[in-house]
Number of protein chains: 2
Amino acid sequence: MEKQTTIKDIAIALNISTSTVSRALRDAPDVKAETKAAVKALSDKLDYQPNRLALSLLNRQTNTIGVIIPNLDYVLATMVKGIDEVALEAGYTVMVCQSDESYGREIVNTKRLLESLVDGFIVSVSSETKIFEHIKKIQDKKIPLVLFDRIVNNIAAPKIRLDNIDGGVQATEHLIEQGYKKIAILAGPENLNISNKRMEGYLQTLKANGLRADKGHIIHCDFNQQYAYEATKELLASKNRPDAIFTISDRMAIGAMLAIKEKGLSMPHDIGLVGFNNEPIVSLVTPAISSVEMYAFEIGKATARAYIEMMSGAAGMSNQEIIIKPKLFIRTSSKRR
Amino acid sequence: MEKQTTIKDIAIALNISTSTVSRALRDAPDVKAETKAAVKALSDKLDYQPNRLALSLLNRQTNTIGVIIPNLDYVLATMVKGIDEVALEAGYTVMVCQSDESYGREIVNTKRLLESLVDGFIVSVSSETKIFEHIKKIQDKKIPLVLFDRIVNNIAAPKIRLDNIDGGVQATEHLIEQGYKKIAILAGPENLNISNKRMEGYLQTLKANGLRADKGHIIHCDFNQQYAYEATKELLASKNRPDAIFTISDRMAIGAMLAIKEKGLSMPHDIGLVGFNNEPIVSLVTPAISSVEMYAFEIGKATARAYIEMMSGAAGMSNQEIIIKPKLFIRTSSKRR
DNA sequence: AGCGTTGCCGGTAACGTTATCGGAAATTAT
DNA sequence: ATAATTTCCGATAACGTTACCGGCAACGCT
């Protein structure tokens, strides 16, 4: 707050020019060893810290990555951890902004970071976001952009995401193998790509196995576990009661589990249950819930790596799509054979 | 990446000076309406964004808060959300850096942010941090600092934290009221203040009720649920088996629950269980786990408010300590009367 | 002795913005 | 018509840093 020590302070104190101080600090070859020593000693004593703002202004780069995410739930926090780890290693600073699943806040965040605070973006869009002008604006300004997890299809950028369809396939195939016939799905919000892809895998697999999805067995609801609980209660009360439920998040799986227990049904006997994300919690409840691991930490790391690659490879963004394969972890909630 | 539109571009295009453009954009009174209109039109067209770096350099303030946290678990993520909400509202940008519970990374993060990137700090120290020179350095430079959650005692700064002792008291009193006599505690890492305070409340309450804490009933272990599971198994196998367990986090409570069930004991009959944090998950497992709510979101908001107050009140930091009262939520796992 | 070379350092401009001052032109008052 | 005021705008410096250029010594070479 007061006044940071600057290169000028050192220069005046030693009665030399700022240029020389600057060179001395960077260990340039054309500075006398003696001078260097004096500069370094004083800089240590005054606890000099270079002013990154001045540097960034000069070089037109901040070495900062703007990360925009919809929230900080388990999966995204894990991904951010992955991004952070790789970015820090490579000398980047990360600026995380949550949009809180709000389109408006996503725009505000983008705008702020665009004020020359970052030299690139890593974005996962909010579930509310249906218009992508703010994302396109980033690209119009030729600012590097990487999309991850909740990607946007009609934007050309490197994308790192889970193979969500495959996740849906693995979960559904497993349930069918276990002999379940009437498999319901608790899908997420309607316009959410990841949710729809998981459902696509579910539908594909049903079809491939000659099963038909009852329309009443496809429920769109928010990620919230409360909604999942309510939705499951309705499902279980319906005429055509499902004998298995696939939820596209673990939160929802736990909500579903609660409703199932309340109804007095047993897992995996009466009803099979498979969740998504493989959060630590699923193996700690009873019965332990089968879940699709999405390797969030790996996705985070891959995302940061793609970003770094894009920054170094001046040769235009490659727009590759990295697709991580999920893996179903089978537990008690769905294993009846 | 290419080149952002600057005030200069607009000035040249309209054949006026940069000063005039600057004033026009800020709606200064001494600019002709006509000129203003022209400037604004062109600035919109070119999608001009002011360069915050230049501004920050000039004003010696960034309007950015550096938030340093040990990790992004449920509690801290919630607190960050609270900070974020208040800070955004007040026009601040937040830079979140995780130290990943590492002393080294905490120092690196502090150092980076000190390079004039932020004009104040909000810090929760890592569990590994025992030396606080890096924190003191912040204060030596007269840079505003607020501590929250995992605070540091011998540093004078505004502090916002939970009344951890009271949390321990509430949990323990409740267990005693329910008739439990041999109450064990799964405490966190030894040098972690919040963990010790919760234990202090536990010890106080035992003493006040004429109970003695068996040394074997006080277990220090990492926050990790796996450790809690192992530790509980040992507890249950010991000669002097406890009839209740108080864990200082919900993660640990769930680990404990798992061990209890495995042993074939029932809650709340054979064993009472109380956790800490009141994470959503505790009400979704069976039995639902009693837990101490710590109002993480409120703590986050109060922290940001304290920061803002400190920034505005030029009259020295007040160094007040805001202490949030926790509240025990009683659920099945410990209610046997 | 004169020349080129090397070692070391200082001055200047630039990054994008705004505060401050000063001044020309236009308007009003006398 | 002249003075006084207002309206509007431009030039400059500054924030902290480094790249670039240039220059003065001192040294070595012929």
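Keep in mind that what you see is a predicted model, and the values were worked out from it rather than measured. Both backbone and side-chain heavy atoms feed into the values below; hydrogens, waters and symmetry mates do not.
- Residue B:Leu57 contributes atom CG, which lies 13 Å from atom C1' of D:dA13 at whole-angstrom precision.
- Between B:Ala54 and B:Thr35, the residue anchored nearer the 5' end of DNA chain D, judged by the nucleotide with its closest heavy atom, is B:Thr35.
- B:Asp27 and B:Lys40 are joined by a salt bridge, as a carboxylate oxygen and a charged side-chain nitrogen come within less than 4.0 angstrom of each other.
- For the OP1/OP2 pair of D:dT18 and a distance below 4.0 Å, the side-chain nitrogens and oxygens of A:Ser22 include at least one atom meeting the criterion.
- Comparing D:dC15, D:dG10, C:dC9 against the side chain of B:Arg23 picks out D:dG10 as the nearest.
- The residue A:Leu58 sits close to a base: some heavy atom pair falls under 4.0 Å.
- To the nearest 0.5 Å, the span separating CG on A:Leu72 from OG1 on A:Thr78 amounts to 10.0 Å.
- Electrostatic pairing of B:Arg60 and B:Asp119 does not count as a salt bridge here, judged by no charged N lying under 4.0 Å from a carboxylate O.
- Taking atom CD of residue B:Glu34 and atom C1' of nucleotide D:dT7, one finds them 13 Å apart after rounding to whole Å.
- In this entry the distance linking NZ of B:Lys8 with C1' of D:dG10 reads 15 Å, nearest Å.
- Here D:dT17 is the nucleotide among D:dC9, D:dC15, D:dT17 with the atom lying nearest to any side-chain atom of A:Ile7.
- A:Arg60 places its CZ atom 6 Å from the P atom of C:dC15, with the value rounded to the nearest Å.
- Taking only side-chain atoms of B:Thr6, from C-beta outward, the nucleotide of C:dG16, D:dT18, D:dG10 with the closest atom is C:dG16.
- Within the 4.0 angstrom heavy-atom criterion, only backbone atoms of the sugar-phosphate kind lie near B:Arg26; the bases stay farther away.
- Within 4.0 Å (heavy atoms only), A:Leu53 reaches no atom of the nucleic acid at all.
- Distance CD1 (A:Ile16) to P (D:dC24): 20 Å, rounded to an integer number of Å.
- To the nearest angstrom, P of D:dG16 lies 19 Å from CZ of B:Arg52.
- Note on A:Asp30: a base of the nucleic acid sits closer than 4.0 angstrom, heavy atoms only.
- For the 3.5 Å distance criterion, the side chains of B:Thr129 and B:Glu106 qualify, holding a donor opposite an acceptor.
- Checking B:Ile155, B:Asn153, B:Ile138 one by one against B:Phe132, the side chain to side chain contact (heavy atoms under 4.5 Å, CB included) holds for a single residue, B:Ile155.
- Across the protein-nucleic acid pair, A:Leu55 atom CG and C:dG16 atom C1' stand 15 Å apart, rounded to whole Å.
- Evaluated for a side chain to side chain contact (heavy atoms under 4.5 Å, CB included) with B:Met294, the options B:Ile324, B:Val75, B:Ile194 yield exactly one hit, B:Val75.
- Which of C:dG16, D:dG10, D:dC9 sits closest to the side chain of B:Asn51 comes down to C:dG16.
- Between A:Glu101 and A:Arg150 there is a salt bridge, since at least one side-chain N of the basic residue sits less than 4.0 Å from a carboxylate O of the acidic one.
- Once rounded to the nearest 0.5 Å, the distance linking CG of B:Asp84 with CD of A:Gln98 reads 5.0 Å.
- Within the structure, every side-chain polar atom (N or O) of A:Thr20 is placed at least 4.0 Å from both OP1 and OP2 of C:dC9.
- The side chain of B:Ser19 approaches D:dT12 more closely than any other nucleotide in the set C:dG11, D:dT18, D:dT12.
- Look at CD on B:Gln61: it is 14 Å from P on D:dG16, rounded to the nearest Å.
- Fit an axis to the five pairs at each end of the helix from C:dA1-D:dT30 to C:dT30-D:dA1 and the two axes sit 60° apart, to the nearest 10 degrees.
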